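Below is one structure, written out as structure tokens, with a few remarks after it.
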Amino acid sequence: MYEYKVVQVREGLIGGKISADKLEKTLNDHARQGWQLKAITSVDVKGRVGPGSVEGVLVTFERQAG
């Protein structure tokens, strides 16, 4: 049996592209906790202020449950 975790990674509140360093840190932090990358999905995340959206990714991790 597996368990899954989805993490949203984005840059700031006022646009900008995802930095490779930020994504790499997220992947490595979760790998240390036993999570394995399952999928990365690109998304446009609506900002809390203003009409624009922010580029981001949803990172899905998987690991053995228990």
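Not measured: the values here are computed from a predicted model.
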With side chain to side chain contact (heavy atoms under 4.5 Å, CB included) as the test, would you mind laying out the steps for Val7 and Thr26 before giving the verdict? CA-CA 9 Å; Val7 178; Thr26 299; 4.2 Å; yes

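- Using a 4.5 Å heavy-atom cutoff, the side chains of Thr41 and Val57 are not in contact.
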Using a 3.5 Å cut-off and no angle test, enumerate the donor-acceptor pairs between side-chain atoms of residues 58-66 and protein atoms at least two apart in sequence or in another chain.
{"from": "Glu62", "atom 1": "OE2", "to": "Tyr4", "atom 2": "OH", "distance (Å)": "2.8"}
{"from": "Arg63", "atom 1": "NE", "to": "Glu3", "atom 2": "OE2", "distance (Å)": "2.8"}
{"from": "Arg63", "atom 1": "NH1", "to": "Gln33", "atom 2": "O", "distance (Å)": "2.7"}
{"from": "Arg63", "atom 1": "NH2", "to": "Glu3", "atom 2": "OE2", "distance (Å)": "3.4"}
{"from": "Gln64", "atom 1": "NE2", "to": "Tyr2", "atom 2": "OH", "distance (Å)": "3.4"}

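- In summary, Asp21 and Lys25 do not engage in a salt bridge, as defined by a charged side-chain N under 4.0 Å from a carboxylate O.
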